[in-house]
Amino acid sequence: MSDAITAETIYEAMGAVLTRWTMGSAAAPAASFWRTELGDDPAEAELRLLALAGQFLSTAVTTEPAAALRVLPDIPALALPTVPETLRPLVRRILATRKQVKVKSDLIHFLAARGWTTHPADWMPEADDDDAPDVYANWRDWAAIAGSNSASRRQTDDRLTAENWDDYWPAARKAALIELRRRDPSAARAVLETRLAGENADMRWRLLSLLSERLSDDDLSILETIAANDRAPRVKALATSLLARLGRGSAAGEDTAELAGFFAVKTKGLLRRSRVVQAEPLKTQAQSLRRKALFDGADLTSFADALGLAPQELIAAWDWNADRAADAALVDLIVATGTDAQVTQAADAVNERDAPGLIISLAERLAPAERARHAEAALNARDIRFELAQLIAGTAARLRDPLSAPAGKALLAALQGDDAKPSDQAEELHALGLIVSREGARGALERLAGAGLLQGDPRLDMLRLNAALDDKGAKP
Amino acid sequence: MAIDLKAVEQLATDQSSLKAAAGLAKPAKWSGVGASQDGALIWGECAGSGANPYRVMADLRDLGNKCTCPSRKFPCKHVLGLLWLNAEAVVPFVPADTPAWVSDWLGRRRGTSAAKPASSAPSTGEKDLRAARAGEPEVAEDPKDVARREAQAAKRSEDTERAILDALDALEQWIGDQLRMGLAGFIDDATARCRRIAARLVDGKAAVLAGRIDELPSRLLALAAGDRPRGAVVELGKLVLLARAFRATPRDAEIRRAVAASETREVVLADPQALRVDARWEVLAEQVQTRRDGLVSQTTWLLNLAATGPRFAMLLDFFPASAGRRGSVFTPGERFQAELVFYPSQQPLRALLMRRDASGETSALEWPAPDTALSDALTRPLLAEPWVIETPLLLPQGRIARDDAGQTWWRSDDGMATLPVASEVDGLLCGTELTRAAAIWSGNRLTVLAAQSPWGRIGSHE
C-alpha cells in the first residue's frame, strides 16, 4: 500500500463502493488507489476489496449521534437508607419469585415501615405508581422525567405553596402536600383551593382524598363548593363523602327514609333494656337490590337519623351476623362516610363478633396500631389464617408471637404432615413474615427449623428478611 | 444427617453410573463443597467436560437431588459422586449458609415423590459398589497398533483439512456471488442464503464457521436499516480474511478454532504452553443464546481483578436445546480466586476453569482501570485477529445518554468517545454516573455487561 493513501481518501471512496455493491456492480474501479493491492483478476479484486473495506469500516468508521444527546439527571437519594447490601439478594428473590403485584407492593411498604428503601437496581416505581410509599416520590418523578422529553422542572425544596405548585413534579408535589397537611392543615387546604381547579379529574380526586387526613369543620367550605360545582361525578361523590364524615350528610330525604324502612329498631333484655337494629327479612331479589342501591347513595349520619338514632348508637345497636349483606353494606357506609371514631367503634364491634372479613373492609381507615391490634385479636380469638390476618394488619404491624395463635399451630401441623410438599404453605409463611416483629421473626425461624424446615428454604425468605433487617421505622 | 454407600448404590440407575461416580469421589474433582447448618442439604461444584464446573446439590432427608450437567441420567454421576463424598467423608462438608442456587432449587422442587431412591424402580441390572471401585486393568499396547492408529489419525486430519479447504473455496465463491447479485438482495434474503452456505460448510467440516454464518442474519437485522449494507460488508469481509488465514496456516490451533472445531478440554489442559492464570475473578454476566443449529450456548464473562494478565476470560459451553433449561453456574457479581487455563491465542480470552477456591471472604478490590486507551481497545484486537466479532472492553468513566430518536449511547466523561448501545437501557443504568463499565463491542455497537457506580455494582441479576 503506498504511503500517499490517507484515511480520508479511503473514507471518501467507501460511499461509492457501498453503493456499487448494494446494486450488484463491481466496486474495485471505485477504489483505484488500491489498484496494486487488488490485482488484475476482477473476481479476486472484489474479494480483496471486501476484506480491506470491511476492516476499514469496522475500525475507522463509527456511528455518531445525529443530534444533541440528552442525559437524565442522577437518580436522587431517598430520605430513607437503602436496604443493606447483604440483604439485597433476599429482597431480589422475594420480588422475583412472587409475581403478584400485591406481594411486591407489600414488600415495598414493609421495608418503608421498617425505615428502609430498595436499591434502584432491584426495584423502582413507575411514574404513575400511586401505590408506592411517599418516600419514593423523587424516584417516581425521575421515572416521569425519563419517560418524557420535556426539560426538567426547577426542583424546589421550599415549602409547597400555590405559587411554586408548577415547580414540583407530581409525585414530589403530592408528598409535599401530604406533609403540609399533617403540619398545617389550613395551609394545605388553601393551596388546594387555589390549585385544584387547574388539574384533571383524576388528579383532583387524588388530591382531594388527601384532605381525609386531619379532616375538620374548617374544610366544610371547600368541600361544599366542590360537592356542588365540580364537573366530575367521582370528585363530587368524594367531596360528599368527606362532608358526611363531618356530619354534613345530605338531609334525610325520601331515599334515606326508604332505606330505614328496611330495618326495625327494637328493644331487648328485661332488666337492662337496650335497643337493637334488626334487618327486616327480604322477600325478593328486587328488594335486596333496592336496599343495596339505597345504601350506595346514603351516608351514616342521615341513615342513623332516619332510624331516630345517633350514628354511634346505630353502630352499637346493630345486630351483627344476622344479615351478612346488610352488615357489609353498613361497613361500607361507615368507611365512606363515618368519622375516624365511628370507624374505630365499628371495628371494635365487629371484632367482638366473628367477622374478620368486615374488619378487612374497615382496615384501610384504621391507624397502623389499630390494625395490628385487631389482627392480633382476630388471630388469637378466631380461627383465621395468617394471610387473612395480614390483610387486616397491613405491612406495619409487629406482632410478637403470631406462631402461638391457632393459625400458627395449624401451620406447623401442616408443615409436619406426612404429605407435606416443599412448596406447601408458601403464602402462609410469607404472610407470617410480613406481620411479625423482628424478634418474633427470629423466634418463628427457630420454631420452624425445629419443625423440620431448612434454613435455606425459600419459603422462609420473608421471615429471614424480617429477622435480619434492623427495625428503624416509627412504631405504631 | 448421614447416608451410607448402600443408599448411593440403590440410587444409581446402573453399574456404569456407579463406576463413573467412583471416579468422581475424589477431592481433586470438587470445589466449594458444603452443607447446611442442619446437615440436611449438601452441595458442591464438580469439574466436568465443559468450561464451567457443574453445580451439584442434594437433600439428604429424601435424597432429592439436582445437577446442572446435561446428562439424561437421573441421578447423574455427579450427584452420585457428591453423595459418595458425603457417605465416606472423603472431604469435610463444612456447615455454611445455604447458597442462593441451592435455595432456588429447593423452591422449585415439585415434591418428595420425584426423588425416591431407585430401589423401588425396576433395576436395569446388578449394581455393585466393589466392582465400581475397582480400577480398569492396565493393558499393554502393541507398538504396531499404536503406529497404525497414529497413521490413521494423520490420514483423517489430512482428509479434514482437504474438506475444509474445499468448503472455503465454496464460501469465497458464494461471497463473490452475493456481491454480484447485490447486497440489497442479500440483506433481504440473508437467512435463507446463509442457511444454504452454512449447510455446505457443515458438510465440509467447518462447523464453527457454519455456526457463525448461521447467526450472521440476526446480527445484521439488529442493525438500523441504513447501517445494514455497511454491516454486511464488515461481516463478509471478515469471512474472506478468515478463509485466507486458514489457507495460509491450516494447522494453527487458533484459526482452526474459528473455522472447524475447538480443541478438547484434555488437549488444552495437556498443553504446557497454555497460559494459566491464578487470580481473583468477578463474574460479569452470563449470556445464554439458543442458536439456529439447535445448540444453546452458555457464555460466562469473567473480569480479572488483578493488576496484570488477561483482563477478561470467557467460559463457553454448548448443550443441546432439547436438554431443557439449565441453571446458571455463577451469580453475576460473584467473586472468587481461581486458576483458569486459556486456549492458546494471541489474545487469550476463551478459557477453562481449572480450580476454584471456596469463596468466602468478599474481596473489596476495586475494578481495575482500563488497560489501554479506548480507541486502542476498540481496534487493537483486530490487528491480531481481524475476523473476531466480539471484543470485551473496560470503559472509563462515562454515562448513558439518549438522542431524540430514542437510540441509546454511552458517552465518556471527557467527551472524547460516544458509542452506540445495542439495546434499550433503562432504570439505574441511565440514571447515574458509570465510574467503570464492562461491555462487549460487537458490530459497531456496545452491550453493557456490568458497571460500577456510586450506587455500587449494576448488572443483570437474572
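Numbered from 1 within each chain, the chains take letters A, B, ... in sequence-line order. In what follows, every heavy atom counts, from backbone to side chain, and hydrogens, waters and symmetry copies are set aside.
For a residue to count as touching a neighbouring chain, one of its non-hydrogen atoms must lie under 4.5 Å from one of that chain's; by this rule B/A417 does not touch chain A. Within the 4.5 angstrom heavy-atom criterion, only side-chain atoms of B/W409, from C-beta onward, approach chain A. Both the backbone and the side chain of A/A53 come within less than 4.5 Å of a heavy atom in chain B. B/D403 touches chain A through backbone and side chain together, each having a heavy atom under 4.5 Å away. Heavy atoms closer than 4.5 Å to chain A are found nowhere in B/R445, neither backbone nor side chain. At a 4.5 Å heavy-atom cutoff, B/Q178 makes no contact with chain A through either its backbone or its side chain. Proximity to chain B (any heavy atom under 4.5 Å) is restricted, for A/E64, to the backbone atoms N, CA, C and O. Contacts between B/P420 and chain A at a heavy-atom distance below 4.5 Å involve the side chain alone, from C-beta outward. For chain A, no part of B/L429 is nearby; none of its heavy atoms comes within less than 4.5 Å. Residue contact with chain A, scored on non-hydrogen atoms closer than 4.5 Å, involves the backbone and the side chain of B/L179 alike. In this structure, chain A has a heavy atom under 4.5 Å from the side chain of B/V240, while its backbone stays farther away. Both the backbone and the side chain of B/V233 have a heavy atom closer than 4.5 Å to some heavy atom of chain A. Contact of A/P89 with chain B is not made at all, since no heavy-atom distance falls under 4.5 Å.
For the set A/T22, A/T59, A/V71, the count of heavy-atom pairs under 4.5 angstrom toward chain B peaks at A/T22. Most heavy-atom pairs under 4.5 Å with chain B: of the set A/M23, A/E46, A/H119, this distinction falls to A/H119. Counting heavy-atom pairs closer than 4.5 Å to chain A, the top residue among B/I187, B/I175, B/D97, B/L428 is B/L428. When the candidates A/L57, A/T82, A/L49 are compared by the number of heavy-atom contacts under 4.5 Å with chain B, A/L57 comes out ahead. Options B/P454, B/G182, B/G431 differ in how many heavy-atom pairs under 4.5 Å they form with chain A, and the most are formed by B/G431. No other option in A/S25, A/G54, A/A27 has as many heavy-atom pairs under 4.5 Å with chain B as A/G54. Between chain A and the residues B/L378, B/T379, B/V234, B/D59, the most heavy-atom pairs under 4.5 angstrom are made by B/V234. Top candidate by heavy-atom pairs under 4.5 Å with chain A, chosen from B/S36, B/G427, B/P99, is B/G427.
The heavy-atom pair separating B/D404 from A/A68 by the smallest distance is OD1-O, 4.4 Å. The two residues B/R61 and A/G452 come nearest to each other via the heavy atoms NH1-O, 3.1 Å. The two residues B/W455 and A/P76 make their nearest non-hydrogen contact at CZ2-O, 3.9 Å. Contact between A/L50 and B/L236 at its shortest, heavy atoms only, is CD2-CB, 3.7 Å. Residues A/L453 and B/D38 share a closest heavy-atom pair of O-OD2, 4.3 Å.
Within a 6.0 Å sphere centred on CG of B/D414, heavy atoms belonging to other residues, nucleotides or ligands number more than 12. Atom CZ of B/R247 sits in a crowded spot, with more than 12 heavy atoms from other residues, nucleotides or ligands closer than 6.0 Å. In the displayed structure, A/E446 atom CD is contacted under 6.0 Å by at most 12 heavy atoms of other residues, nucleotides or ligands.
In this structure a side-chain-to-backbone donor-acceptor pair under 3.5 Å is missing from B/R180 to A/W21. At distances below 3.5 Å, at least one donor-acceptor pair connects side-chain atoms of B/S103 with backbone N or O atoms of A/G456.
A/L454 places none of its side-chain heavy atoms less than 4.5 Å from the side chain of B/T98. Looking at A/D74 and B/R399, their side chains come closer than 4.5 Å, going by heavy atoms from C-beta outward. Here the side chains of A/I75 and B/T432 are not in contact, with every heavy-atom distance at 4.5 Å or above.
We find the CG-CG distance between A/L18 and B/L183 to be 8.0 Å, quoted to the nearest 0.5 Å. Expressed to the nearest 0.5 Å, how far OG of A/S58 lies from CH2 of B/W387 amounts to 13.0 Å. Within the model, atoms CG of A/L69 and CD of B/Q407 stand 9.5 Å from one another, a figure rounded to the nearest 0.5 Å.
Taking a cutoff of 4.0 Å between a charged side-chain nitrogen and a carboxylate oxygen, A/R93 and B/D104 qualify as a salt bridge. A salt bridge links A/E44 to B/R244: at least one charged side-chain nitrogen sits closer than 4.0 Å to a carboxylate oxygen.
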